[in-house]
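Let me begin by presenting the structure, written as structure tokens, before commenting on it.
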Amino acid sequence: MLGTIANTGAILMGSIVGSTLKKGIGEKYKTVMMDSMGLAAAALGINSITEAMPQSRYHVLFIVSLAIGGLIGTRLDLAAVFDRAVGKISGGSNLSQGLSAAILLFCAGTLSILGPMQSALQGDNTYLYTNAILDGITSTVLSSTFGVGIAIAAAVLFCWQGSIYLLASVIEPFITDALMNEISLVGGILILSSGLGILGIKQIRTLNLLPALLVPPAVIAVLTAAGMG
């Protein structure tokens with residue numbers, strides 16, 4: 001768990017540093033930072049999509065995942081639940097927008113999934129230490145735009161990576177390259193969606209699409225069991 005603790009600590013530290021910087025930034029500079037964060041999220045999403053899509057073995061799975069995940073998320077209205085919870089903390093600011101992007105950036109990446117497994121099974125924290133550096137920088141930029149509330153994502157990350165760490169020996173056989181590729185593809189689309197929202201191009205209730213990340217593991221498991229994977 002040492003790597004996960006380091007990763008969580010990096011996000012907390014980055015959030016504190018970034019929020020301190022925000023206090024001394026004028027309004028026009030905050031606007032520039034917001035636009036920069038939106039462009040960065042969109043670019044990261046597009047990069048993930050373009051890398052994963054050519055490698056996909058299940059060419060329509062990401063479409064099915066988004067459709068099914070969107071229906072489930074909308075039925076549960078995850079975005080509204082999240083907005084209400086964050087609204088009580090943020091006092092009506094746009095924190096929920098930045099926090100949803102932060103959670104996706106921190107948790108949907110390959111390093112954040114494989115890192116805890118490598119730590120649990122091999123005692124190697126290399127992936128998590130690398131991820132800690134990346135997330136520390138990202139949280140600094142995000143919190144300089146959205147405030148110290150971005151630190152909430154550290155708790156989400158800790159629970160996410162901690163669960164993977166504890167279940168590593170059980171889920172390891174199912175974490176194949178094909179599955180990671182599909183998750184990266186769907187995750188990239190969700191990150192791009194967050195970027196478009198931050199830029200004000202299209203407000204998509206991205207959190208209602210979050211269950212889409214659970215569809216590829218379920219579908220691939222069924223196909224593999226049926227001998228079609």
Quick one: pull up CG in Leu157 and CG in Asp135 and give me the separation to the nearest 0.5 Å. 6.5 Å

Is any side-chain heavy atom of Ile16 closer than 4.5 Å to a side-chain heavy atom of Thr140? no

Are more than 12 heavy atoms from other residues, nucleotides or ligands located less than 6.0 Å from atom CE of Met13? no

dist Asn7:CG -> Thr130:OG1 (nearest 0.5 Å) comes out at 10.0 Å

Count I, L, V, M, F, W, Y as connected when their side-chain heavy atoms are under 4.5 Å apart, and connections chain through other members. Are Leu121 and Leu166 then in the same cluster? no

Is there a side-chain contact between Ser48 and Ile191 (heavy atoms, below 4.5 Å)? no

Please name all residues satisfying side chain to side chain contact (heavy atoms under 4.5 Å, CB included) with Ile5, sequence neighbours left out, ordered by chain then number. Phe158

Verify same cluster id: Ile175, Leu128 (apolar side-chain graph, 4.5 Å): no

Quick one: CG on Leu185 to CD1 on Ile49, what's the gap to the nearest 0.5 Å? 6.5 Å

Donor-acceptor contact below 3.5 Å, side chain Ser144 vs main chain Leu21: no

Pairs under 3.5 angstrom only: tabulate donor-acceptor contacts from the side chains of residues 35-47 to other protein residues two or more places apart or in another chain.
{"unit_1": "Ser36", "atom_1": "OG", "unit_2": "Val32", "atom_2": "O", "d": "2.8"}

Indicate if Tyr58 and Met180 have the same hydrophobic cluster label, given that clusters are the connected sets of ILVMFWY residues with side-chain heavy-atom separations under 4.5 angstrom. yes

Worked verdict on Ile189 versus Phe62 for side chain to side chain contact (heavy atoms under 4.5 Å, CB included): CA-CA 9 Å; Ile189 293 171; Phe62 76 96; 3.5 Å; yes

When rounded to the nearest 0.5 Å, the distance separating CD1 of Ile11 from CD1 of Ile137 is 12.5 Å

Would you compute the distance between atom CG of Leu190 and atom CD1 of Ile103 and round it to the nearest 0.5 angstrom? 12.5 Å

Which atom pairs, donor and acceptor, lie under 3.5 Å between side-chain atoms of residues 147-156 and protein residues at least two apart or in another chain?
none

Under 3.5 Å, which donor-acceptor pairs do the side chains of residues 202-216 form with other protein atoms, sequence neighbours left out?
{"unit_1": "Gln203", "atom_1": "OE1", "unit_2": "Gln97", "atom_2": "NE2", "d": "3.4"}
{"unit_1": "Gln203", "atom_1": "NE2", "unit_2": "Gly197", "atom_2": "O", "d": "2.8"}
{"unit_1": "Thr206", "atom_1": "OG1", "unit_2": "Ser193", "atom_2": "OG", "d": "2.7"}
{"unit_1": "Thr206", "atom_1": "OG1", "unit_2": "Ile204", "atom_2": "O", "d": "3.3"}
{"unit_1": "Asn208", "atom_1": "OD1", "unit_2": "Leu78", "atom_2": "N", "d": "3.0"}
{"unit_1": "Asn208", "atom_1": "OD1", "unit_2": "Ala79", "atom_2": "N", "d": "2.9"}

Single-linkage hydrophobic cluster Leu71~Val81, side-chain heavy atoms < 4.5 angstrom: no

Taking all non-hydrogen atoms of both residues, which atom of Glu51 and which atom of Gln55 are closest, and how far apart? O-CG, 3.5 Å

Do you know the tightest heavy-atom contact between Ser143 and Gly14? OG-O, 3.2 Å

Taking all non-hydrogen atoms of both residues into account, name the closest pair between Ala6 and Ala132 and its distance. O-CB, 3.9 Å

Cluster check Tyr165, Tyr129: I/L/V/M/F/W/Y, side chain < 4.5 angstrom: no

Exercise: identify the closest heavy-atom pair between Leu179 and Phe174: CD2-O, 3.2 Å

Hey, mind stepping through Leu104 and Ser100 against side chain to side chain contact (heavy atoms under 4.5 Å, CB included) and telling me if it holds? CA-CA 6 Å; Leu104 286 168; Ser100 63; 5.6 Å; no

Tell me which donor-acceptor pairs under 3.5 Å the side chains of residues 111-120 have, and how far apart each pair is, sequence neighbours excluded?
{"unit_1": "Ser112", "atom_1": "OG", "unit_2": "Phe106", "atom_2": "O", "d": "3.0"}
{"unit_1": "Ser112", "atom_1": "OG", "unit_2": "Gln161", "atom_2": "NE2", "d": "3.0"}
{"unit_1": "Ser119", "atom_1": "OG", "unit_2": "Asn125", "atom_2": "OD1", "d": "2.7"}

Applying side-chain hydrogen bond (donor to acceptor under 3.5 Å, both in side chains), which residue pairs with at least one partner in residues 172-182 are found, sequence neighbours left out? Ser56-Glu182

Between Leu99 and Phe82, is there a side-chain heavy-atom distance shorter than 4.5 Å? yes

